[in-house]
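These values consider heavy atoms only, across backbone and side chains, with no hydrogens, waters or symmetry-generated copies.
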Amino acid sequence: HMTVSTIFIWLIMHMDNYFVGKFLGAEALGLYTLAFGLAHLIATNVARMLGSVLFPAFAEVGHDRDRIGAAWLRAARYTMLVLLPMGVGLIVFSHEIVIGFFREKCEIGAVPVAILAVFALCRGLGPTHGDVAKGIGKPRILTTVAFWHAALMAPLLLLVAAAAGNLKGLTLHPSSY
């Protein structure tokens with residue numbers, strides 16, 4: 001189950017690149033990749049750090065449903081306690097952060113970074129679900145959730161990418177200020 005869930009999670013994390021590249025082109029894919037990487041930097045690193053601690057903790061209390069529920073809720077709270085200020089800061093200061101990282105010559109937009117930061121906040125809770133499933137010895141749960149996530153995400157991405165057209169209105173051109 002872990003191999004199958006890993007494949008589904010990889011699809012979830014990368015299928016957006018396919019649709020952006022297919023419907024918006026290589027240049028838009030490059031800009032999207034930069035914006036995505038910047039927006040998800042926080043969630044990815046925090047989730048990786050927490051995963052190294054949460055899995056053993058969930059495994060220890062995995063036999064007790066009440067304790068596992070309380071442990072997951074506590075982990076979700078602390079995860080959001082860390083992620084929320086960082087994510088809100090990224091959203092509020094996305095323009096300044098983009099200019100600071102990429103200078104004015106880059107066409108990466110602050111609006112896509114801010115939008116992707118909202119999704120990064122939501123994805124920040126994802127790893128705790130996987131750690132619970134692995135910790136209680138039921139990786140099938142992770143596989144099922146990852147399958148349905150990928151299955152529902154694909155048609156939504158298709159619709160959004162097809163409707164998007166181009167992102168020129170969301171870029172940062174020095175002349176737009």
Quick one: pull up [atom1] in [X] and [atom2] in [Y] and give me the separation to the nearest 0.5 Å.
| X | Y | atom1 | atom2 | result |
| --- | --- | --- | --- | --- |
| F19 | Y32 | CZ | OH | 11.5 Å |
| T33 | N17 | OG1 | CG | 5.0 Å |
| H40 | L90 | NE2 | CG | 10.5 Å |
| F8 | M15 | CZ | CE | 9.5 Å |
| T79 | L84 | OG1 | CG | 11.5 Å |
| L11 | T6 | CG | OG1 | 11.0 Å |

Where is the tightest heavy-atom contact between [X] and [Y], given as atom of each residue plus distance?
| X | Y | value |
| --- | --- | --- |
| G89 | I97 | O-CD1, 4.3 Å |
| A114 | I91 | O-CG1, 3.7 Å |
| A117 | A39 | N-CB, 3.6 Å |
| L83 | L121 | O-CD2, 3.3 Å |
| V61 | R67 | CG1-NH2, 3.0 Å |
| A35 | V113 | CB-CG2, 3.7 Å |

Hydrophobic cluster membership, with links at side-chain heavy-atom distances under 4.5 Å among I/L/V/M/F/W/Y: are [X] and [Y] in one?
| X | Y | result |
| --- | --- | --- |
| M86 | V88 | yes |
| V98 | V92 | yes |
| V82 | L73 | yes |
| I99 | L41 | no |

Exercise for the section: Evaluate the side chain to side chain contact (heavy atoms under 4.5 Å, CB included) criterion for residues L116 and L38: first the C-alpha distance (whole Å), next the side-chain angles of each, then the deciding distance (0.1 Å), finally the verdict. Expected result: CA-CA 9 Å; L116 289 169; L38 182 59; over 6 Å; no
Exercise for the section: Kindly say whether W10 contributes a backbone atom to a donor-acceptor pair with the side chain of H14 at under 3.5 angstrom? Expected result: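 Yes: the side chain of H14 pairs with the backbone of W10.
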Exercise for the section: Evaluate the side-chain proximity of F36 to D16: yes if any heavy-atom separation is below 4.5 Å, no if none is. Expected result: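 Yes. Closest side-chain heavy atoms under 4.5 Å.
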Handout entry: Matching residue for S5 among L142, T144, I141 - test: side chain to side chain contact (heavy atoms under 4.5 Å, CB included)
Key =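 Single pass found, and it is L142.
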